[in-house]
**Student:** 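What follows is a single structure, and I will ask about it in a moment.
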2 protein chains.
Amino acid sequence: MEETRSALAKKETAILEAAKRSFLARGYGEASMDAIAREAGVSKATVYAHFASKEELFGAVIAGECERRFAAFSARELSPAEPALSLAVLGRRFLDLILSPEAIALHRIILGEVSRFPVLGDVFWRAGPERNLLQIEAFMKRAQSAGTLFCGEPRRAAEEFAALARGELQLRRLLGLESGIEEGALEEAVAAAVAVFLRAYGPQERVARPAPRRQRA
Amino acid sequence: MEETRSALAKKETAILEAAKRSFLARGYGEASMDAIAREAGVSKATVYAHFASKEELFGAVIAGECERRFAAFSARELSPAEPALSLAVLGRRFLDLILSPEAIALHRIILGEVSRFPVLGDVFWRAGPERNLLQIEAFMKRAQSAGTLFCGEPRRAAEEFAALARGELQLRRLLGLESGIEEGALEEAVAAAVAVFLRAYGPQERVARPAPRRQRA
DNA sequence: GTCTATAATTGGATAGAC
DNA sequence: GTCTATCCAATTATAGAC
């Protein structure tokens, strides 16, 4: 019995793995059930014994991948006492997550297919961006309570921080530009995002700036 | 002769228009040359007389659409004397451009197909985001010269402002969430982006904030 | 250049034996 | 559940007449 269940599970896993590779590499349209079956080492009929259609297999792959990829993101242990440091760690974690080649591939697929499978939009949003934002928001709230950040609504601040950290990096990766990973550039981007965020909401007092020149009345 | 040229141009235009509608609505994979020819009112052979392949037609459509859509964006006439006002106009213009249904559809297609047609990444980047950023950067430079903004490198500031204005709005549209256009929300998003940008780089003097509580040594 | 008709291939899905 | 073999629809691309 266990042997049987194990064998079944193995085949299903193999199919899902092969499907994941095919879909992420080639997109829904170009991935073929033939190729998936071949790569999984089973016949096409077996694939259809486990998944009623190509669309269902696709949905299972994408939903699983969304859940798996974004589950680990957390800001719980970051201390609000030193916002500069914690935000830098948080920003770096965020970028590592959304810029990974797998996340980029997943992102591309979902955006490319969301008009055909509208439910993917919800699934992805809730599993990915929304979860990230909730974590960041929780940190903002703690920092505000601790008196180390002054950012008004934590949710809005979380979106602003995420937007600053992302900058144009994510879009450039999605477009296939600068696939080469420049470690220094990532650190620099995070540092810049933290700097501007703290200029706006940080605790430091700032010196007055020269008043703008005015036309005479 | 003119009749002939006009007729030829008309057919080519009709093909391009039909192809644009098909590709933007259904994506590359699901759009068929049959449907495009039918919708353009010509035979499939005529389509192939003008464009050697489906890929070539797709490339022509996308490149043309990128150029056409983003060409008008400009910040040249915005005055740097009143950064709050000008940034609000600029941000609103930016959002109107990138959130339009046509831009969203174009974005989806390109991200979905860029792994198959890598050149699309460059074409889109240069025609769209890069052009927008150059306009914004030019404004930042002028405002900095005028002494109304203090933002360091204008290019970085431009990316930050664009990121703040975009926030999560663009992603949510791309994912098909909140397709309903809420006019108020747009204005609010722009106002928030301008506010945080000016908190970081604006000319206003700011009051000191209470120092964070510290642990005793 | 344009059309009709068709070739050639591909890919999703299934029948039937085991 | 799994396999082999096959059906059927759709699609890209082209041949040949005008």
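Letters A, B, ... are given to chains in the order of the sequence lines, protein chains preceding strands, and every chain is numbered from 1. Quick note: numbers below take in every heavy atom, side chains included, and nothing from hydrogens, waters or symmetry partners.
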**Student:** Tell me every residue that passes side chain to side chain donor-acceptor pair (under 3.5 Å) with R131(A), counting only those two or more places apart in sequence or in another chain.
**Tutor:**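 Side chain to side chain donor-acceptor pair (under 3.5 Å) list for R131(A), sorted by chain: E67(A).
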**Student:** Whole-Å distance between dT12(D) P and L57(B) CG?
**Tutor:**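 To the nearest whole Å, that distance equals 11 Å.
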**Student:** Between C1' on dG11(C) and CD on E30(B), what's the gap in Å once rounded to a whole number?
**Tutor:**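 One finds 12 Å between C1' of dG11(C) and CD of E30(B), rounded.
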**Student:** Suppose we call two aromatic rings close when their centres sit under 6.0 Å apart. Are F117(A) and Y28(A) close by that rule?
**Tutor:**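 Ring centres of Y28(A) and F117(A) closer than 6.0 Å.
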**Student:** In terms of side-chain heavy atoms of H50(B), which of dA13(D), dT12(D), dT2(C) is nearest?
**Tutor:**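 Closest of the options to the side chain of H50(B): dT2(C).
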**Student:** Would you find more than 12 non-hydrogen atoms of other residues, nucleotides or ligands less than 6.0 Å from R155(B) atom CZ?
**Tutor:**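 Yes.
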**Student:** What is the distance, rounded to the nearest whole Å, between atom CZ of R38(B) and atom P of dT4(C)?
**Tutor:**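 These atoms are roughly 13 Å apart.
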**Student:** Please work out if A35(B) contacts a base, only the sugar-phosphate, or nothing of the nucleic acid, heavy-atom cut-off 4.0 Å.
**Tutor:**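 Nothing, no nucleic acid heavy atom in range.
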**Student:** Please tabulate, one pair per line, each protein N/O and nucleotide N/O from nucleotides 3-6 of chain D that are separated by under 3.5 Å, including the distance.
**Tutor:**
| residue | atom | partner | partner atom | Å |
| --- | --- | --- | --- | --- |
| dC3(D) | OP2 | S43(A) | N | 2.9 |
| dC3(D) | OP2 | S43(A) | OG | 3.2 |
| dC3(D) | OP2 | T46(A) | OG1 | 2.3 |

**Student:** Expressed in angstrom and rounded to an integer, what is the separation of Y48(B) atom OH from dT11(D) atom P?
**Tutor:**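 Distance check: Y48(B) OH to dT11(D) P gives 12 Å.
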**Student:** What integer distance in Å separates Y28(A):OH from dG11(C):P?
**Tutor:**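 Spelled out: OH on Y28(A) to P on dG11(C) is 13 Å.
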**Student:** Tell me: CE of M33(B) to P of dT14(D), nearest whole Å?
**Tutor:**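 Between P of dT14(D) and CE of M33(B): 10 Å.
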**Student:** Send over the distance from F51(A) CZ to dA13(C) P, rounded to a whole Å.
**Tutor:**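 So the two atoms are 14 Å apart, to the nearest Å.
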**Student:** One thing to verify: whether E159(B) and R156(B) come together as a salt bridge, which I'm taking to mean a side-chain N less than 4.0 angstrom from a carboxylate O.
**Tutor:**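 No, this pair does not count.
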**Student:** One thing to verify: whether R69(B) and E65(B) come together as a salt bridge, which I'm taking to mean a side-chain N less than 4.0 angstrom from a carboxylate O.
**Tutor:**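 Counted as a salt bridge, because a side-chain N and a carboxylate O are separated by less than 4.0 Å.
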**Student:** Filter on side chain to side chain donor-acceptor pair (under 3.5 Å), then keep only pairs touching residues 91-102 of chain A, sequence neighbours left out; what's left?
**Tutor:**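 For residues 91-102 of chain A, and leaving out neighbouring residues, the side chain to side chain donor-acceptor pair (under 3.5 Å) pairs sorted by first residue read E77(A)-R93(A), R92(A)-D96(A), R92(A)-E183(A), R92(A)-E187(A).
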**Student:** Using whole Å, what does the distance between atom C1' of nucleotide dT12(D) and atom CD1 of I36(B) come to?
**Tutor:**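 The answer, rounded to whole Å, is 12 Å.
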